[in-house]
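Below is one structure, written out as structure tokens, with a few remarks after it.
By convention in this document, chain letters (A, B, ...) are assigned in the order of the sequence lines, proteins followed by strands, and residues within each chain are numbered from 1.
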There are 2 protein chains.
Amino acid sequence: MLDERKRRVLQALTDDYIQTAEPVGSRNLARKYNLGVSPATIRNEMADLEEEGYLHQPHTSAGRIPSDKGYRYYVDELMARWEPGPAERSAVYREVVAVRRAMEEMIHEAARLLARHTQYASVVAAPRLEASVFRRLDLVPLDETRVVAIVVADPGFVQHRIVEVVRPVTQDQCDIVADRLNRRLFGVRYGDIGRDLLSGIKDEVGHPELYDAVADLLTSGLGDRETDKVYLEGTLNILSQPEFRDIERARSLLALLEARDILTQVLNHASRHSGTTVIIGQENPVPALRECSVVSATYRLGDEVIGALGVLGPTRMDYSKAVGMVQYVANHLSEALMGLVRGH
Amino acid sequence: MLDERKRRVLQALTDDYIQTAEPVGSRNLARKYNLGVSPATIRNEMADLEEEGYLHQPHTSAGRIPSDKGYRYYVDELMARWEPGPAERSAVYREVVAVRRAMEEMIHEAARLLARHTQYASVVAAPRLEASVFRRLDLVPLDETRVVAIVVADPGFVQHRIVEVVRPVTQDQCDIVADRLNRRLFGVRYGDIGRDLLSGIKDEVGHPELYDAVADLLTSGLGDRETDKVYLEGTLNILSQPEFRDIERARSLLALLEARDILTQVLNHASRHSGTTVIIGQENPVPALRECSVVSATYRLGDEVIGALGVLGPTRMDYSKAVGMVQYVANHLSEALMGLVRGH
DNA sequence: GTTAGCACTCTCCGGCGCGGAGTGCTAAGA
DNA sequence: TCTTAGCACTCCGCGCCGGAGAGTGCTAAC
């Protein structure tokens with residue numbers, strides 16, 4: 001579609017704009033990037049690129065800025081591939097891979113690292129439980145009608161909820177329910193726990209109501225709230241971006257980010273296709289994020305996609321680094337999670 | 001020290017400035033608050049108040065602004081007592097007291113509520129464990145050298161840590177260690193768990209290393225990290241304050257808040273004396289918070305102070321409402337926590 | 001097809017003047 | 001002696017203006 005020279009102009013211009021946040025003029029472009037032609041020629045090319053929708057001018061007699069279409073072309077075809085340097089490699093190793101602790105901690109650390117190294121905001125969706133393996137359930141009565149249910153799943157994953165029942169419950173009853181369920185479920189993949197698997201036990205236990213409540217929790221309840229959990233880090237970085245020098249803009253974006261469900265939505269949208277996804281400006285389904293871009297990738301436990309992580313910044317984003325970093329972190333997080341699974 | 005008329009002028013001026021964020025002039029003051037004297041007289045009083053350090057002028061020929069000393073006098077002697085209205089009462093009930101779930105959730109909700117109703121940032125220090133009562137320990141092996149230790153304490157409080165050992169450990173060994181410790185510790189106040197209480201068991205269990213690691217966790221480890229845990233909510237509210245219209249200021253404050261240890265420090269400083277504390281501007285030990293005020297109060301479990309909560313805003317803060325609200329929430333949180341304790 | 005030259009446009013920025021708000025001082029009144 | 005009206009003065013904020021700078025599009029020559 002675009003001839004070689006137009007591609008080079010678009011690439012140089014986008015690189016420059018990403019770096020400086022200032023509209024880029026022909027003279028500047030000719031000086032900094034040796035395109036081998038004069039500013040006048042570049043002007044002509046720029047006019048063509050604008051006509052085709054890849055660039056636009058904030059006002060006559062200003063330099064050009066890439067449009068969303070321009071960024072899209074840049075991301076798909078032009079940008080250089082970014083490779084992690086020693087700093088990034090060692091940081092990922094130290095702060096994510098080496099944390100052989102709870103799964104959640106690793107994921108949280110991944111979010112922090114991503115934010116710190118890209119200088120954008122990072123978003124990480126907490127993992128879906130389906131792929132993890134049930135290990136143990138404990139029921140501890142708090143008082144007569146409230147019981148703490150604690151579930152441990154395989155890659156270092158602990159969750160607890162308080163279950164309320166109407167009929168008073170004793171420690172012994174808790175132990176029986178827990179024991180039966182543990183026998184039945186040990187080693188079972190979380191996503192495979194269903195009503196059928198749990199049937200036939202109910203009559204054996206002394207407190208059917210408790211049993212029901214816990215079974216509910218196991219089949220659906222635990223996942224529900226966790227799926228929506230999103231780690232958000234580096235929101236402050238956004239304030240450093242010149243596009244958010246205007247405080248009202250910054251505020252409305254930050255307010256949006258605070259409402260985590262929007263982010264979940266964006267990440268879910270992204271995690272439909274595995275691999276790395278780049279959503280640029282207008283492409284974003286959420287209207288309020290039309291001036292932002294999101295780079296995201298999925299992470300896995302074994303072969304199964306269990307979550308997504310990404311960075312969010314202005315459309316004028318360093319896509320090359322963002323994509324590279326997100327991919328790198330996603331891959332190493334996946335590996336590290338696999339390393340947590342019992343027996344590895 | 002100050003005669004009645006000076007007190008009234010200082011009060012009116014502070015009220016006005018808190019509301020409008022604009023330097024207050026004599027004419028304005030005379031018109032809005034019927035002080036019964038002319039602007040000229042008020043001018044004289046204001047000049048006196050300035051000389052004594054209660055007010056200052058941003059520049060000649062501007063109105064006056066309370067100084068830190070002025071705010072201090074206002075807080076200690078002048079401000080009206082704020083009482084929670086139906087909105088606040090019902091919100092506290094619905095969102096904190098009625099959440100009869102885990103302690104942490106309640107506390108987190110308290111932080112959110114405080115932020116929402118004051119429009120400042122809220123800070124809540126997670127409770128010290130000392131006052132809670134041990135109920136149950138569970139040890140679940142993840143793999144041969146890593147064990148999840150889960151501790152349940154009385155007011156609906158669950159924590160877990162991953163413990164690493166060198167010598168491989170089996171499920172049975174875990175069960176024995178847990179069982180011995182549970183027998184010994186059930187019903188013991190957390191703060192009373194010490195080495196002496198745990199002595200004599202070590203030889204009974206099959207895995208002394210695991211025993212040691214868990215004992216360590218119980219005597220010191222669990223508390224350590226939790227004490228530093230701080231819930232921070234409503235940081236965005238700060239951006240709405242006109243004193244932070246300047247983005248750089250806003251950014252540096254937000255960056256400071258992100259480093260939670262500073263907040264812990266401030267709250268700890270405040271929780272030395274029980275009751276409500278107001279730290280105004282310069283009084284703050286943290287230099288970067290010299291333009292902010294913090295209103296905080298302690299919350300209790302029974303008679304014991306276990307944590308602190310507060311709000312943070314510009315020195316031009318609605319102290320009356322802030323103090324009232326912080327107190328109200330602290331009291332009701334304390335009550336609600338007591339209500340969680342087994343048997344109530 | 002490329003490029004030098006040129007006229008034109010638009011933003012940014014410092015200087016200027018003006019209106020408004022507020023002050024301090026003085027002198028007259030209670 | 002305290003209060004207040006009057007007045008001159010100060011300083012900020014704002015709109016206006018003009019020049020410098022950056023960039024463009026067009027034209028004509030190479």
Side-chain angles (χ1 to χ4, degrees), chain A residues 2-10 12-17 19-67 70 242-243 245-247 316, chain B residues 2-10 12-17 19-67 70 242-243 245-246:
Chain A
L2 296 183
D3 65 37
E4 187 53 28
R5 196 167 64 192
K6 282 201 176 49
R7 289 163 59 96
R8 288 189 61 193
V9 169
L10 180 55
L13 188 143
T14 309
D15 282 339
D16 200 73
Y17 183 63
Q19 205 193 324
T20 64
E22 299 286 331
V24 187
S26 55
R27 187 189 159 78
N28 227 309
L29 220 46
R31 188 161 38 79
K32 281 206 233 168
Y33 307 81
N34 47 354
L35 300 172
V37 288
S38 74
T41 307
I42 295 177
R43 274 206 290 285
N44 290 331
E45 299 289 34
M46 280 160 73
D48 290 352
L49 285 168
E50 182 169 7
E51 194 151 347
E52 293 176 68
Y54 294 99
L55 302 178
H56 77 270
Q57 277 180 301
H59 54 84
T60 5
S61 88
R64 257 55 169 227
I65 285 177
S67 65
E243 19 278 283
R245 235 175 310 141
D246 172 31
I247 202 136
R316 181 192 64 77
Chain B
L2 296 183
D3 65 37
E4 187 53 29
R5 195 167 64 191
K6 282 199 176 50
R7 289 163 58 94
R8 288 189 59 194
V9 169
L10 181 54
L13 189 144
T14 310
D15 282 339
D16 200 72
Y17 183 62
Q19 207 194 323
T20 63
E22 298 286 332
V24 187
S26 55
R27 186 189 160 77
N28 228 309
L29 219 47
R31 187 160 40 78
K32 281 205 231 168
Y33 307 81
N34 46 353
L35 300 172
V37 287
S38 74
T41 308
I42 294 176
R43 273 205 292 284
N44 289 330
E45 298 289 34
M46 281 161 73
D48 290 353
L49 284 168
E50 181 169 7
E51 196 153 344
E52 293 177 68
Y54 294 100
L55 302 178
H56 76 269
Q57 278 179 302
H59 53 83
T60 6
S61 88
R64 258 49 172 230
I65 286 177
S67 65
E243 19 276 286
R245 234 176 311 143
D246 173 30

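Listed nucleotides D:dT24, C:dA4, D:dT4 differ in distance to A:A40; the shortest reach to its side chain belongs to C:dA4. Distances were taken from every side-chain heavy atom of B:R5 (C-beta onward) to each of D:dG23, D:dT3, C:dT23; the shortest belongs to D:dT3. Out of D:dT24, D:dG6, D:dT10, the shortest distance to the side chain of A:R64 is found at D:dT24. Here the side chain of A:T41 is nearest to one of C:dT3, C:dC25, C:dG22, namely C:dT3.
To the nearest angstrom, P of C:dT23 lies 9 Å from CG of B:L29. Rounded to whole Å, the distance from CZ on A:R43 to C1' on C:dA7 is 12 Å. For the pair B:K6 NZ and D:dT3 C1', the interatomic distance rounds to 13 Å; values are reported in whole Å. A:N44 has its CG atom 10 Å from the C1' atom of C:dG1, to the nearest Å. One interatomic measurement links the two molecules: CD of A:E50 to P of D:dG23, which rounds to 15 Å at whole-angstrom precision. At whole-Å resolution of the value, CD in B:E22 and C1' in C:dG22 are 13 Å apart. Put simply, CG on A:L49 is 15 Å from C1' on D:dT24, counting in whole angstrom units. Protein atom CG of B:D16 is 15 Å distant from nucleotide atom P of C:dA21, rounded to whole Å.
When side chains are defined from C-beta on, B:R64 does not count as touching B:H56, because their heavy atoms never get closer than 4.5 Å. No side-chain heavy atom of B:V24 sits less than 4.5 Å from a side-chain heavy atom of B:I65. Contact of the B:Y33 side chain with the B:D16 side chain is registered, since non-hydrogen atoms from C-beta on lie closer than 4.5 Å.
DNA chain D is contacted by both B:H59 and B:V37; B:V37 maps to the nucleotide lying nearer its 5′ end (nearest heavy atom per residue).
Around atom CZ of A:R27, no more than 12 heavy atoms belonging to other residues, nucleotides or ligands sit under 6.0 Å away.
When the side-chain nitrogen and oxygen atoms of B:T60 are compared with OP1 and OP2 of D:dC11, one or more of them lie within a distance under 4.0 Å.
Interface remark: the A:S61 side chain does not form any donor-acceptor pair with the D:dT24 base, using a distance-only criterion of under 3.5 Å. Counting distance only, with no hydrogens placed and no angle test, the side-chain atoms of B:R27 and the base atoms of C:dG22 include no donor-acceptor pair under 3.5 Å.
Under 3.5 Å, the side chains of A:Y54 and A:D48 contain no donor-acceptor pair of N or O atoms.
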